[in-house]
Structures are given as C-alpha cells and as structure tokens.
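As structure tokens, the structure follows; a few thoughts come after it.
To find a chain, count down the sequence lines: A is the first, B the second, and so on, and within it residues start at 1. For clarity, every value in this text was computed on a predicted model and none was experimentally measured.
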Number of protein chains: 2
Amino acid sequence: MNAHELLKEYISKMISLSEEEFEYVFSHFKEQRFTKGQTIISAGDKVNSEYFVVEGCLKSFYINEDVKMFILQFSMPTWWASDFEALYSGEKAKINVDCITDATVLMLSNEDREKLCREIHAMEHFFRWRTNKGYVATQKRLLSFMNNDTKHRYEELLALYPQLYNLVPKHLIAAYLGVSRETLSRLYNS
Amino acid sequence: MNAHELLKEYISKMISLSEEEFEYVFSHFKEQRFTKGQTIISAGDKVNSEYFVVEGCLKSFYINEDVKMFILQFSMPTWWASDFEALYSGEKAKINVDCITDATVLMLSNEDREKLCREIHAMEHFFRWRTNKGYVATQKRLLSFMNNDTKHRYEELLALYPQLYNLVPKHLIAAYLGVSRETLSRLYNS
DNA sequence: GCGATTATGTGATGTAGGTCACATTCAGGA
DNA sequence: TCCTGAATGTGACCTACATCACATAATCGC
C-alpha cells in the first residue's frame, strides 16, 4: 500500500471526503524517507511539522540533565509523531524524534495543518479526534505507570506492539518502561 | 464573575465569536451545583457529559482491583473534567469524578458538543485546541513520572496549583503523586 | 574479516518507597 | 457536646529497582 492510500484509509476511519478533497489534502503532505538512526527532530530545534508514519518505526524521547533517555512513544505505521507542545506553541523542541528502523513518513507542516483545518471543516474534526485519541492513550499509560509494576507494563507494551520485541533493542524498551536495562534484562530471564 | 462570563473569557483565549454565537453556545451548557463529596461520574456509568469547572475543585480518579485510588487530575476553575475515553467511545466509565469542595460547573453533553462543533467551525477549533492542551499536559506529567523523584513531583504539583496545599487532604495529594500517604508525610516533615 | 563500538547478561550492594501497626489529632453528625 | 470515623504522623521492617562493575555477545564501518 502506498503512502497516500494508507493515509486515506486512516482518515476515512473518522470522516468522509470526496476524491478531490483527498487529493487536495494529500497535496499538503510531503513524503520523506529516512534511514535507521536518522534524526527527525532534535531538542532545541524549531519544530515546523508533524509526521504520519507510513513504514518503519520512530521513537519520540526526552533526554534529561543526566543524559538519561525516556521514550514517550514508539511510532509505528499510522501513528503520528512530533513534539506537539513545541509545534503548537512555537517554542523550541524539548522532545527528540528519530528512526529506529528505515522509515517512510508523510510530513505535514504546522501551517498546512491549520490551513487544512480552516478550509475543510471535516479535517478539523479529524484532527480533534486524533488528538483526543492521543490524549486518552497517554492518560492510560500514566495510569498504568501509577498502578502496575514493571512486569505488568512490559506485558502490556508487548500486547500493544507485538512486533516490537524483535524490532527494537531491549534498552529502548527499558527506556519506554522507565526502568534500567539491567532490571528489564532480569525481568524476562525469570 | 458568573459562569458564562468565565466560560466566555476562556473560549475567547482561542477563538472569536459574536455575541449571538456566544449566547447560542451558552444555551447548550447547563449550570449545576454540587456539594463537597458529591459524585459526578461513577465507574460503570454511561458517561454523557463533560464539565467545565466554574468554582470549587473536582478530582478525576481511578480505583484499581485493590481499591487503591489514583488521581488523574484535580480540576480547578476553567479546567474540564470527564472520562473522555468513555465519553467519546460510548463505553462505560472507568474513571470517577467527584467534588473535593462545593462546586459549580457548566455541563455540556456529548451530543451538544458535537452539535456545536458541526454548526460552528470555530468551536471545533476551540475543542481541538483544548484537547491538545490536555494531551500535552498529560504527556508532561508522564515524563515527570519517569524522570523525577517524589519530592520533585510534589514541588512541581504545588507550583502548578499553589491553592491545593490548604484545599485538599494530604492523602489525595499522595494519590496524585502515586505514592503512599506515609511516604508523602515523611517527605515534607524533613 | 577485524577491531571498535553497541547491546546484553549477571553479581553485589545501596536506597526510595511500600506495608503494617499503632498513636494522635481533627471534623462532622446526632 | 460528645462520639465516631477520617486524616495524619511515625516506627519497624521488607522489597523492587537503581547503580556500579565486569563479562560476553552481536553488529557496524572500514
């Protein structure tokens, strides 16, 4: 499936658009390919765009003062990645985004998203829905953090992204779970 | 300031509406008063509405199998409270909302929100913006959970809501921080 | 294919925070 | 006003996980 078809399928889950509208929407997205390890957003940068993942796997992460990494999200196909705070506020990025594998994305600039939202009411509806989905997912993860131990959260993660186990190094999974790589290692060797 | 004025001021931060439009929007909100301890949403209920806090303080919380409480949010004036997952999906609530103090809220039903979003494009924009704000705030809290120790998160919470210290019992603050009340007690007596 | 980096496993040890137990103080209702 | 239940403090003890140290295995660039 090509990039536009995937995006179309995803948008169609929520709203209906004519063929012409779809073409118009697509014209604002720019397809980009990255290789494993490439950086898409660096902390400190000005953030201009968000990214719809077509193929591959990205990670969004924060690095603290002790140069410790915390992963906010693994972005698989049909997920969106960016530093949404920086993107909406115009501030510099605090979040980094890079490629765990080779990846294909559709890039949408902040201006173009707002333009599409202004021009096509249904697109505003679509983005509200998408944002709500992200909000609810993050809230669930926060709850899981408070409620469940690491083992439970590890199983939850693998249930959510079964492909992940073979796709990403274990220390990244540890950084997502918020534990040290040593603890994670001991966890699944028991 | 009365309820409609507060809501108007809040909406006006993001969008511009005519007086007639404001009146039309207000006509969909229903003012409600609750007393300290009253329940607004119970886990297991069908959720029909979201609530804009005009006065007082609500808490949104989850109760796990061990009957342990985890607080997702304290809602002060101009914050919104509901179980947004249940509200959008039509499923039964997993989140509870009740009143820490006597409270005045403006209730908006799911149908009316969608109606306003359909009829007034700017309102759809407004709700997208509000949802994004919630999303970013939750993501920040998640990061803080992974990154900071309890003391740090406690100070962060008091910086965010200075009124909270005298307003809510300490064991609720512990339930927000995700630690036991004993640990919190030892924390600020040192 | 080889040396260097990166990823992973595993032991030893320290510590933040949980749980249980009990005392004390505070607040609200009959 | 008193009585009851909720809120809070504090000690004793336990456990999950962090950190440091080092060994081994896998992977990448030349």
Side-chain angles (χ1 to χ4, degrees), chain A residues 34-39 57 59 61-71 74 96 98-102 142-158 164-190, chain B residues 34-39 57 59 61-71 74 96 98-102 142-158 164-190:
Chain A
F34 294 98
T35 57
K36 181 175 175 174
Q38 259 195 290
T39 297
C57 181
K59 65 176 192 284
F61 58 104
Y62 174 73
I63 305 281
N64 75 0
E65 322 76 56
D66 305 331
V67 203
K68 207 166 149 180
M69 182 191 356
F70 300 93
I71 296 185
F74 294 113
N96 307 269
D98 70 18
C99 300
I100 295 180
T101 66
D102 291 356
L142 179 64
L143 261 185
S144 180
F145 237 92
M146 296 202 271
N147 193 4
N148 303 131
D149 62 15
T150 304
K151 187 164 210 159
H152 195 117
R153 295 207 313 283
Y154 175 61
E155 283 154 9
E156 217 167 53
L157 175 64
L158 289 192
L164 221 59
Y165 187 84
N166 296 310
L167 194 60
V168 317
K170 305 282 173 284
H171 73 273
L172 293 185
I173 294 185
Y176 180 93
L177 296 174
V179 295
S180 69
R181 53 171 204 81
E182 292 95 331
T183 295
L184 181 63
S185 165
R186 284 184 248 267
L187 235 176
Y188 55 69
N189 294 325
S190 68
Chain B
F34 294 98
T35 57
K36 180 175 175 174
Q38 260 195 289
T39 296
C57 181
K59 65 176 193 283
F61 59 103
Y62 174 73
I63 304 281
N64 76 0
E65 322 75 55
D66 305 330
V67 203
K68 205 165 149 181
M69 182 191 354
F70 300 93
I71 295 185
F74 293 113
N96 307 269
D98 70 18
C99 300
I100 296 180
T101 65
D102 291 356
L142 179 64
L143 261 185
S144 180
F145 237 92
M146 296 201 273
N147 194 4
N148 303 130
D149 62 15
T150 304
K151 186 165 211 157
H152 195 117
R153 294 207 313 283
Y154 175 61
E155 281 154 9
E156 217 166 53
L157 174 65
L158 289 192
L164 221 60
Y165 187 86
N166 297 309
L167 195 61
V168 317
K170 306 279 172 284
H171 74 272
L172 293 185
I173 294 185
Y176 179 95
L177 296 174
V179 296
S180 69
R181 54 170 204 81
E182 292 94 331
T183 295
L184 181 62
S185 166
R186 285 185 247 267
L187 234 177
Y188 54 69
N189 294 325
S190 68

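- Within the 4.0 Å cut-off from OP1 or OP2 of C:dG17, at least one side-chain nitrogen or oxygen of B:Thr150 is found.
- Put simply, CG on B:Leu172 is 13 Å from P on D:dA6, counting in whole angstrom units.
- For D:dT8, neither phosphate oxygen OP1 nor OP2 lies less than 4.0 angstrom from any side-chain nitrogen or oxygen of B:Tyr188.
- Toward the 5' end of DNA chain C, the nearer of the two residues A:Val168 and B:Val179, judged by each one's closest nucleotide, is A:Val168.
- Judged by distance alone, with hydrogens and angles left aside, the side-chain atoms of A:Asp98 form no donor-acceptor pair with the main-chain N or O of A:Gln38 at under 3.5 Å.
- The CG atom of A:Asp149 sits 12 Å away from the P atom of D:dA18 (whole-angstrom rounding).
- Not one side-chain nitrogen or oxygen of A:His171 sits closer than 4.0 Å to the OP1 or OP2 atom of C:dT6.
- Taking the six-membered ring where tryptophan is involved, the planes of B:Tyr176 and B:Phe74 are essentially parallel, since the angle between them stays under 30° and well short of 60°.
- Between the P atom of D:dA18 and the CG atom of A:Asn64 lies a distance of 13 Å, rounded to the nearest Å.
- A:Lys68 comes within 4.0 angstrom of sugar-phosphate atoms only, judged by non-hydrogen atoms across all strands, and of no base.
- Distances were taken from every side-chain heavy atom of B:Pro169 (C-beta onward) to each of D:dA7, D:dT19, C:dG18; the shortest belongs to D:dA7.
- Residue B:Thr183 places no side-chain N or O under 4.0 Å from the OP1 or OP2 atom of C:dG17.
- Taking every side-chain heavy atom of B:Arg181 into account, D:dG9 is the closest of C:dT8, D:dG9, D:dC17.
- Using a 4.5 Å cut-off on side-chain heavy atoms (C-beta onward), A:Thr101 and A:Leu167 make contact.
- Among the protein residues, B:Gly37 comes within range of no part of the nucleic acid, since none of its heavy atoms lies under 4.0 Å from any strand.
- As rounded to whole Å, 14 Å separates atom C1' of C:dT25 from atom NZ of B:Lys170.
- The side chain of A:Arg186 has C:dG11 as its nearest neighbour among C:dT8, D:dG9, C:dG11.
- A:Asn96 contributes a side-chain N or O that, together with a main-chain N or O of A:Phe61, makes up a donor-acceptor pair within less than 3.5 Å.
- By the 4.5 Å heavy-atom criterion applied to side chains, B:Glu65 and A:Asn147 are counted as neighbours.
- A 6.0 Å sphere centred on NZ of B:Lys170 holds more than 12 heavy atoms belonging to other residues, nucleotides or ligands.
- The nearest whole Å value for the distance from the CZ atom in A:Phe145 to the C1' atom in D:dC17 is 13 Å.
- A close approach under 4.0 Å does occur between a side-chain nitrogen or oxygen of B:Ser180 and OP1 or OP2 of C:dG18.
- The side chain of B:Asn189 sits closest to D:dT10 out of D:dC17, D:dT10, C:dG17.
- Regarding A:Met69, its CE atom lies at a distance of 12 Å from the P atom of C:dT6, rounded to whole Å.
- One can place CG of A:Asn148 at 16 Å from C1' of C:dG18, the figure rounded to the nearest angstrom.
- The 5' end of DNA chain D is approached more closely, in terms of each residue's nearest nucleotide, by A:Leu184 than by the other of A:Leu184 and A:Lys36.
- A straight line from CD1 of A:Ile173 to P of C:dA7 spans 13 Å, rounded to a whole angstrom.
- Proximity note for B:Glu182 (side chain, C-beta onward) versus C:dG9, D:dT10, C:dG17: the nearest is D:dT10.
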